[in-house]
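For reference, the structure I am asking about is given below.
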Amino acid sequence: MSKFEQQRRDKRRQMQDLGVDPYGGRYEETESASSVRARYIENQEGQKARCAGRIVLLRDIGKLIFITLRDFSGTIQLGLSVKLLEKQWDLIKRLELGDLIGAEGQMGRTKTGELTIWTEKLTVLSKALLPPPEKFHGLADVDMRYRQRYVDLWANPEVMERFLARSAMLSSIRSFLRNRDFVEVETPMMQAIAGGAAARPFITHHNTLDMDLYLRIAPELFLKRLLVGGMEKVFEINRNFRNEGLSTRHNPEFTMMELYQAYADYHDMMELTESLVCHLIQTHCQGTILPFGSMQIDYSRPWRRVRYADLLKEFAGCDIDDLSAVRAKARQLAIPEADIDDAVVINDVFEATVEMNLINPTFVMDYPAALCPLTRQSAADPRYAERFELFVGTMELANAYTELNDPDIQEANFRRQLRGQKAEDSMAKMDEDFITALKYGMPPAGGLGIGIDRLIMLLTGVTSIRDVILFPLLKPVSSTSGPDDLSKQAQSDS
RNA sequence: GGAGGCGUAGCUCAGCAGGUAGAGCAACGGCCUUUUAAGCCGUAGGUCCUGGGUUCGAGUCCCAGCGCCUUCACCA
């Protein structure tokens, strides 16, 4: 135990010796700091206030102590004087940074104009045994900020603000969709077949059934079953899990919003996406040009809509139908192309040349059909699929299709994708029951997926996904506290 | 997995041509009834990430490992 903790434990002992419970109890009828500030009427005597929060600054001037109290809403200053608190003074002298307290008294201003609660009664609500981070710089160590987010949140107010913004944005997404008559549902996260996307899944095990299960990589196939079942507008906002590398744009578990709208197509999904994101910006952001890293992203409508093939022409300089030109470009970029499928080579070239240039919101339309096993082919030109991806700030933010609802084509696509691939790496999984569902008839539909974490990054202007996920995945500091040891413990217990 | 960077007091950070380990905040003792990162005087505080090596001597140089960051690879 650190000497700091020991000192604080001593202080707690001293509080208890004074007959004070260092962990308080119910402390209701309080008011938020911001509310106190808002309702204060200048120069009017007799206004009372009662607040609770954490001591984030403490200035002891002898017989007078100023405390800056932080609660969920902001901060408020307490003035503690011997004159008003003589009976509690021994206790008050033992207050420290980080302690949670409640205070009530008359409101007033100090000489310097700071609104202050001249405290008449003080209640200790929780004694902090560990010292807070440095008061001016806050908690700066990136590793500790993620590992001890509970400290980061109150030591760095902008972190709290960002996560509150995330929460508010999520609420807005839900109300936006509810206003368009979408129904929110929850589908399985533990699946026997991890389908609906191309990604390596996490594997887990059910003991009683003695079967392996996958954590889902996408909810797509279940949401489409709901279309078969008669839900015409459904959405789900929940976690997907992908067993892949970590980066500033990838966390192994991430939040995806997927929605499906019967009788619609990918053009409707474009309209919906643009409306939704612009609604969020209007509601939660300042202006329509938002900073993202070194970029300034202009969200003014309408957003650019451009065909995949046209972008390939624009940035790679080759015609999508001129495969020898595309392959030459690939070689020039040191992208492997020998014995690799045409569509894959085209897409590798696309990713290497186009995506980095897509800063302002851009709908990339009409992907090569071979890349899109779950998408309906274009009636006009079956080499292309009615699919778009939305890029913003060079990131893929959304992905949408006109959904494929022909069970025979769907089954053929699955089989083609499965051929020659390891099961866990395949682009598509054979899900017999999903095919069965389609045979009962799925309405034509538009489907859309939006990466919520990335959306929040863009709207809050942070370039690392870890800054919009409360508890991002990190390696454990000590190997003695991982799940391995817990399971060993459990085994030795039984 | 590759490359680069970082890891020093509770926190934020200095320290490098290898030569007794530093500051601010926090803490501890003292003074102070209007402070705003309060101020003043004093005190204490270290596995310099871990383990090896080179050296008379390593926070500093070398090797290995651990963790984090960035980037590349992987990745609809």
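Letters go in sequence order (proteins before strands), and every chain restarts at 1. Please read all numbers here as calculations on a predicted model, not as lab measurements.
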### Message
Hydrogens and angles aside, do A:Thr187 and A:Arg225 bring a side-chain donor and acceptor to less than 3.5 Å of each other?
### Response
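The criterion, which ignores hydrogens and geometry beyond distance, is not satisfied for A:Arg225 and A:Thr187.
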### Rounded P spacing from B:G10 to B:C56 in Å
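Pairwise P distance, B:G10 against B:C56, rounds to 34 Å.
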### Query
With a 3.5 Å cut-off and just heavy-atom distances, do the side chain of A:Gln77 and the base of B:U35 make a donor-acceptor pair?
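Such a pair is found, so the answer is yes.
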### Message
Measuring to OP1 and OP2 of B:C69, would you say a side-chain N or O of A:Arg466 lies under 4.0 angstrom away?
### Response
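Yes, within the criterion.
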### Message
Rounding to an integer number of Å, can you tell me how far A:Arg8 CZ sits from B:G10 C1'?
### Response
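Spelled out: CZ on A:Arg8 to C1' on B:G10 is 9 Å.
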### Query
When you check the phosphate oxygens OP1 and OP2 of B:A38, does a side-chain N or O of A:Arg59 lie under 4.0 Å from one of them?
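The answer is yes; a side-chain N or O of A:Arg59 sits under 4.0 Å from OP1 or OP2.
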#### Entry: Rounded C1' spacing from B:A23 to B:U36 in Å
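Looking at atom C1' only, B:A23 and B:U36 are 23 Å apart.
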### Query
Base, sugar-phosphate alone, or nothing: which one does A:Gly79 contact when heavy atoms must sit under 4.0 Å apart?
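The answer is nothing, as A:Gly79 stays clear of every strand by at least 4.0 Å.
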### Query
Which of these nucleotides, B:A76, B:U12, B:C11, is closest to any side-chain atom of A:Ala140?
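Closest nucleotide among those given: B:U12.
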### Message
What is the distance, to the nearest angstrom, from the CD atom on A:Glu134 to the P atom on B:U12?
### Response
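Value for this atom pair: 8 Å.
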### Nearest-neighbour nucleotide for the A:Asn399 side chain, B:C28, B:U34, B:A76 considered
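Taking heavy atoms from C-beta onward, the closest nucleotide is B:A76.
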### Message
Within the 4.0 Å heavy-atom criterion, would you say A:Lys135 contacts the bases, only the backbone, or no part of the nucleic acid?
### Response
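Sugar-phosphate contact only.
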### Task
For A:Arg145, answer base if it contacts any base atom (sugar-phosphate contacts may also be present), sugar-phosphate if it contacts only those atoms, and nothing otherwise; contact means non-hydrogen atoms under 4.0 Å.
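No contact.
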### Task
Go through the side-chain N and O atoms of A:Asn347 and A:Glu351 and say whether any donor and acceptor fall under 3.5 Å apart.
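Yes, side-chain donor-acceptor contact under 3.5 Å.
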### Message
To the closest 0.5 Å, what do you measure between CZ (A:Arg387) and CD (A:Gln377)?
### Response
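These two atoms lie 13.5 Å from each other.
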### Query
To the nearest angstrom, how far is A:Glu258 atom CD from B:A76 atom C1'?
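These atoms are roughly 12 Å apart.
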### Query
Given atom CG of A:Leu246 and atom P of B:G1, what is their separation to the nearest angstrom?
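Checked: the CG to P distance equals 12 Å.
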### Message
I'd like the C1' distance from B:A58 over to B:G53, given in whole Å.
### Response
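Here B:G53 and B:A58 have their C1' atoms 11 Å from each other.
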### Query
Partner of B:G51 by Watson-Crick or G-U wobble geometry, both contacts under 3.5 Å, or none?
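B:G51 is paired with B:C63.
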### Task
Would you indicate which nucleotide in B:A76, B:C11, B:G10 comes nearest to any side-chain atom of A:Glu396?
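Nearest to the side chain of A:Glu396 among the choices is B:A76.
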### Query
What's the NZ-C1' distance between A:Lys93 and B:C31, to the nearest Å?
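Distance check: A:Lys93 NZ to B:C31 C1' gives 10 Å.
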### Between C1' of B:U36 and CG of A:Leu78, the distance in whole Å
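It works out to 14 Å between those atoms.
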### Distance-only donor-acceptor test, A:His250 side-chain atoms vs B:C75 base atoms, 3.5 Å
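Present.
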### Message
So, does A:Lys63 get its side chain near the phosphate of B:U35, meaning an N or O under 4.0 Å from OP1 or OP2?
### Response
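It does not, given that no N or O in the side chain of A:Lys63 lies less than 4.0 Å from OP1 or OP2 of B:U35.
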### Task
From the options B:A76, B:C74, B:C68, select the nucleotide whose nearest atom is closest to the side chain of A:Val142.
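For A:Val142, the side-chain atoms sit closest to B:C68.
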### Query
In whole angstroms, how far is the C1' atom of B:C75 from the CG atom of A:Asn251?
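Between C1' of B:C75 and CG of A:Asn251: 14 Å.
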### Message
Using atom P in both nucleotides, what's the gap between B:U55 and B:C41 to the nearest angstrom?
### Response
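Each nucleotide's P atom is 48 Å from the other's.
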### Gap separating the CG atom of A:Asn405 from the CD atom of A:Gln410, nearest 0.5 angstrom
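Between atom CG of A:Asn405 and atom CD of A:Gln410 there are 9.5 Å.
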### Task
Check whether the side chain of A:Thr110 and the base of B:U36 form a donor-acceptor pair under 3.5 Å.
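Per atom types, the contact qualifies.
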### Task
Scan A:Leu474 against the nucleic acid and name what it touches under 4.0 Å (heavy atoms): base, sugar-phosphate only, or nothing.
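A:Leu474: backbone/sugar contact only, no base atoms under 4.0 Å.
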### Query
Which class fits the ring pair A:Phe350 and A:Tyr308: parallel under 30°, tilted 30 to 60°, perpendicular over 60°?
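Parallel.
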### A:Arg166 NZ/CZ over A:Phe163 ring centroid, <6.0 Å and within 45° of normal
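Because its charged atom misses either the 6.0 Å distance or the 45° angle limit, A:Arg166 does not stack over A:Phe163.
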### Query
Just one of A:Glu411, A:Arg415, A:Arg416 clears the side-chain hydrogen bond (donor to acceptor under 3.5 Å, both in side chains) bar with A:Asn413, so which one?
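When A:Glu411, A:Arg415, A:Arg416 are each tested with A:Asn413, the side-chain hydrogen bond (donor to acceptor under 3.5 Å, both in side chains) holds only for A:Arg416.
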### Query
Quick one: on RNA chain B, does A:Glu114 or A:Tyr146 contact a more 5' nucleotide (nearest heavy atom)?
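Result of the comparison: A:Glu114.
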### Task
For B:G52 and B:G42, measure between their P atoms and round to the nearest Å.
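Nearest-Å result for B:G52 against B:G42 at atom P: 42 Å.
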### Message
What contact category does A:Thr248 fall into here, base, sugar-phosphate, or nothing, at under 4.0 angstrom with non-hydrogen atoms?
### Response
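Sugar-phosphate only.
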### Query
Where the side chain of A:Lys3 is defined as all heavy atoms beyond and including C-beta, which of B:G45, B:U35, B:C11 is the nearest nucleotide?
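Within the option list, the nearest is B:G45.
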### Query
Closest to the A:Ile61 side chain: B:U34, B:G10, B:U70?
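The answer is B:U34, which lies nearest to the side chain.
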### Task
From the options B:U12, B:A76, B:U35, select the nucleotide whose nearest atom is closest to the side chain of A:Ala198.
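Selected nucleotide (nearest to the side chain): B:A76.
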### 5′-ward residue of the pair A:Met144/A:Trp118 relative to RNA chain B
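Taking each residue's closest nucleotide, the earlier one in sequence belongs to A:Met144.
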### cation_pi(A:Arg70, A:Trp154) dist<6.0 Å, angle<=45
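Because its charged atom misses either the 6.0 Å distance or the 45° angle limit, A:Arg70 does not stack over A:Trp154.
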### Task
Report the base-pairing partner of B:A58 (Watson-Crick or G-U wobble, both distances below 3.5 angstrom), or none.
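By the stated definition (distances under 3.5 Å), nothing pairs with B:A58.
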### Query
With sugar-phosphate meaning primed atoms plus P, OP1 and OP2, does A:Asn347 contact a base, only sugar-phosphate, or nothing at under 4.0 Å between heavy atoms?
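Contact class for A:Asn347: none.
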### Task
Would you indicate what A:Phe350 reaches in the nucleic acid, counting non-hydrogen atoms under 4.0 angstrom: base, sugar-phosphate, or nothing?
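Nothing, no nucleic acid heavy atom in range.
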### Task
Using the P atom as the reference point in each nucleotide, state the distance between B:U35 and B:C40 in Å, no decimals.
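It comes out at 15 Å once rounded to the nearest Å.
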### Query
Do A:Phe136 and the base of B:A37 stack face to face, with centres under 5.5 Å apart and an angle between planes under 30°?
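Aromatic stack with B:A37 present for A:Phe136.
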### Message
Please report the distance, rounded to the nearest Å, between CD in A:Glu96 and C1' in B:C25.
### Response
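One finds 15 Å between C1' of B:C25 and CD of A:Glu96, rounded.
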### Message
When you measure from the side chain of A:Thr112 to the backbone of A:Thr110, do you find a donor-acceptor pair of N or O atoms at a distance under 3.5 Å?
### Response
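Checked: no pair found.
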### Query
Closest to the A:Arg147 side chain: B:A27, B:C11, B:G67?
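From the listed options, B:G67 comes nearest.
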#### Entry: Nucleotide nearest A:Leu57 (side chain, heavy atoms from C-beta), chosen from B:C68, B:A38, B:C11
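Ranking B:C68, B:A38, B:C11 by closest atom to the A:Leu57 side chain puts B:A38 first.
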#### Entry: Euclidean distance for P, B:A73 against B:A27 (whole angstrom)
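Between the two P atoms, the distance is 49 Å.
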#### Entry: Nucleotide paired to B:U70 in any strand shown, Watson-Crick or G-U, under 3.5 Å
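B:U70 is paired, partner B:A3.
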#### Entry: Pairwise P distance for B:G4 and B:A64, with rounding to whole Å
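After rounding to an integer number of Å, I get 11 Å for this pair.
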